[in-house]
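Beneath this line is the structure, given in structure tokens, with notes to follow.
Side chains included, hydrogens not; waters and symmetry mates left out as well; all remaining heavy atoms used. Both ligands and their constituent atoms are indexed starting at 1 by order of listing. Everything quoted here is computed from the prediction, not taken from an experiment.
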Amino acid sequence: MAQTIKNQIIEGNIPRHIAIIMDGNGRWAKEKGMNRIFGHSQGVETVRKIVEASSEIGVGYLTLYAFSTENWARPKKEVNALMELLVSTLKVEITKLHKNNVKLHTIGDIAALPEKCQQELEESKKQTENNTGLNLTLALSYSSKKDILNAAKILAHKSVNGDILIDDIDESVFQQELSTCNFPDVELLIRTSGENRISNFLLWELAYAELYFTKTHWPDFDAEGLYQAIDDYQKRERRF
Ligand code: FPP
């Protein structure tokens, strides 16, 4: 089945930029009588599968919502575990990512992360900076509203300093000030675990995206789930 749907979708239009809200690690763990942190570590396995599958079928950009600014409100123990998981995953996976020509990026308030995370991310980005395959972006301590506000402030400063005319501010000028300025707009957004919300993720960049919601919890999501989402995307008529 997986092979068939994979063969079918690669004949069609593969979305250039896929963004994913990886939701449901906690509920998945609870259903199994385990703690939430176990859910997150299983979530990492799904990240691995989805990055590999995306790279294989020629997705250009994959942006993963790994930690929102709202996630800081979670219990300290869970936040620490997520940060440690990020560091240990990068340590283990970066060589393989590099070998697969993946280029790592981040968006969000990286300075708010623990020093160890910042260091690991910096090294991983440096190691993969010349790669030309999948652009993998981790959104960490990310808030789309903050990103948009930041762009507005930069342009306000430029205007006050006489570096730009208000009438020259158009969509493309504005987009250049977003943290995603080097990426194309998202074409397909996937959210797992049954919530039909955007949750402050890539609000500007999702303007024309197809939205795909699945009830599957993130740790149960896999390559076939990704192919199904792409199949659904390919069947929709895209009207702007
Ligand atoms: C949502 O599940 C998931 C997160 C907030 C974190 C996602 C993190 C990972 C998959 C692991 C670390 C990532 C990388 C890239 C190494 P939830 O906790 O909100 O689940 P719930 O809604 O069921 O409680």
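By the side-chain contact (heavy atoms from CB on, under 4.5 Å) test, Asp147 is found to be paired with Tyr142, Leu178, Ser179, Glu205, residues two or more places apart in sequence or in another chain being considered. With sequence neighbours excluded, no residue satisfies ring pair (Phe, Tyr, Trp, His ring centres under 6.0 Å) with Tyr212.
The pair Lys126-Glu129 counts as a salt bridge, with a side-chain nitrogen and a carboxylate oxygen less than 4.0 angstrom apart. A salt bridge links Glu45 and Arg48; the closest N-O separation between the charged side-chain nitrogens and carboxylate oxygens is under 4.0 Å. We find that Arg191 and Asp23 are joined by a salt bridge, their nearest charged nitrogen and carboxylate oxygen being less than 4.0 Å apart.
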Using distance only, find each side-chain donor-acceptor pair of residues 161-172 under 3.5 Å and give its atom names and separation, not counting sequence neighbours.
{"unit_1": "Asn161", "atom_1": "ND2", "unit_2": "His157", "atom_2": "O", "d": "3.3"}
{"unit_1": "Asp170", "atom_1": "OD1", "unit_2": "Ser172", "atom_2": "N", "d": "3.2"}
{"unit_1": "Asp170", "atom_1": "OD1", "unit_2": "Val173", "atom_2": "N", "d": "2.9"}

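Enumerated by chain and number, the residues approaching ligand 1 to less than 4.0 Å through a heavy atom are Met22, Asp23, Gly24, Asn25, Gly26, Arg27, Arg36, His40, Gly43, Val44, Ala66, Asn71, Arg74, Leu82, Thr89, Leu138, Trp218.
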